[in-house]
Amino acid sequence: MGVYDALLLIAALPALAGPGWCSVEVVTVAERAGGREFRPQFTGQSAAVVAAVGQNASLVCEIYHLGNKSVSWVRSRDLQILSHAGVVFTADSRVSASVAGDRATSRHLLHVARLRTGDSGRYECQINTDPKMSMFFNLTVLDEPVPQTVVELQGPAEVTAALGSTVTLRCEARYEPPPRRLPLPALDIHWFKDDQPINLQSAGGGGGVLVDTRRGSARAESRLQLRAADGAAGRYTCRAAGRRAAVTLRHAPHAEGEVEAMQRDQAAAATRLALHAAPLLLAIALRLLHT
Ligand SMILES: *[C@@H]1O[C@H](CO)[C@@H](O)[C@H](O)[C@H]1NC(C)=O
Ligand SMILES: *[C@@H]1O[C@H](CO)[C@@H](O)[C@H](O)[C@H]1NC(C)=O
Ligand SMILES: *[C@@H]1O[C@H](CO)[C@@H](O)[C@H](O)[C@H]1NC(C)=O
């Protein structure tokens, strides 16, 4: 995870970062950003692409500040360089490459037309920095229609929580219809708050954020547990394979301390009622004995 993500997260989730954590991390960000200013950077992360036989696939590698460096596409299976700086090196006429975007952010595309199952495998978008930089794509070509990915949050679209209470959000991602044959890329669930990734390393667990994800072959389930502290209200999104589902968290007007005090008062009232009721019950019991 990049240092930039950390900075964004702190800005978005002040209450989820532990006390005293913010200032330390911001210093680190400033130092590293200075040294990295003009180095190329991938804007995305390694990705899984699924397509059916006969379809066309395009792998998109977006790079920030490529400068005078160039991009190659390499097929991992046989380490063949498919293209370099937009020039195609393979005799396979189904393969082509293109470049789009501007000087600041360029997009380097590898196209494979009329897919065959044998095209499945890993492809590398490589920048000729020293050392080289790579981003990987797992291409899976299926000989059946590509299943849809369904992402669902369990429960209502809006959750109201008392300040200080613990909230648990549950998300499920699955392929539909269930694939007849595997492997499909494993589904992984990522959580976002107001479109910023919730990263546990940067949240440090100190903010009371917990994520528990179980991954099956064609299904994944994730639980996000957080404390409804100040600043925790907002829109929470879970994403998997480009799909998403969202839930809005709002604060209830009472803080937990007040709720506890209310519960104590109620409990005390109940005890008082029981004490007052006791002589009455005794009286009824005595009357029953007399009849
Ligand atoms: C791609 O495949 C490799 C090996 O099967 C796996 O380790 C990796 O996690 C996959 N990456 C993605 C983004 O699916
Ligand atoms: C690329 O640019 C850097 C500075 O931006 C420069 O130092 C280097 O010589 C350039 N390399 C080539 C091959 O032009
Ligand atoms: C797939 O790519 C080929 C070759 O680039 C092109 O002729 C064809 O129209 C494309 N098919 C689709 C469905 O985009």
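The structure displayed is predicted, hence computed values, not measured ones. Counting convention: from 1, in listed order, for ligands and their atoms alike.
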What pair of heavy atoms forms the shortest contact from W191 to S222, and how long is it?
-> NE1-OG, 2.9 Å

Should the pair E152-R244 be classified as a salt bridge under the 4.0 Å nitrogen-to-oxygen rule?
-> no

What are the two closest heavy atoms between F42 and I63, and how far apart are they?
-> CD2-CG1, 3.8 Å

protein heavy-atom neighbour closest to atom 6 (C) of ligand 3 works out as N56 ND2, 4.1 Å

Can you pull out the closest protein heavy atom to atom 4 (C) of ligand 3? Residue, atom name and distance to 0.1 Å, please.
-> A113 CB, 3.9 Å

Taking atom 11 (N) of ligand 3 as the reference point, report whether a protein heavy atom occurs under 4.0 Å from it.
-> yes

Does CZ in R214 sit with more than 12 non-hydrogen atoms of other residues, nucleotides or ligands closer than 6.0 Å?
-> no

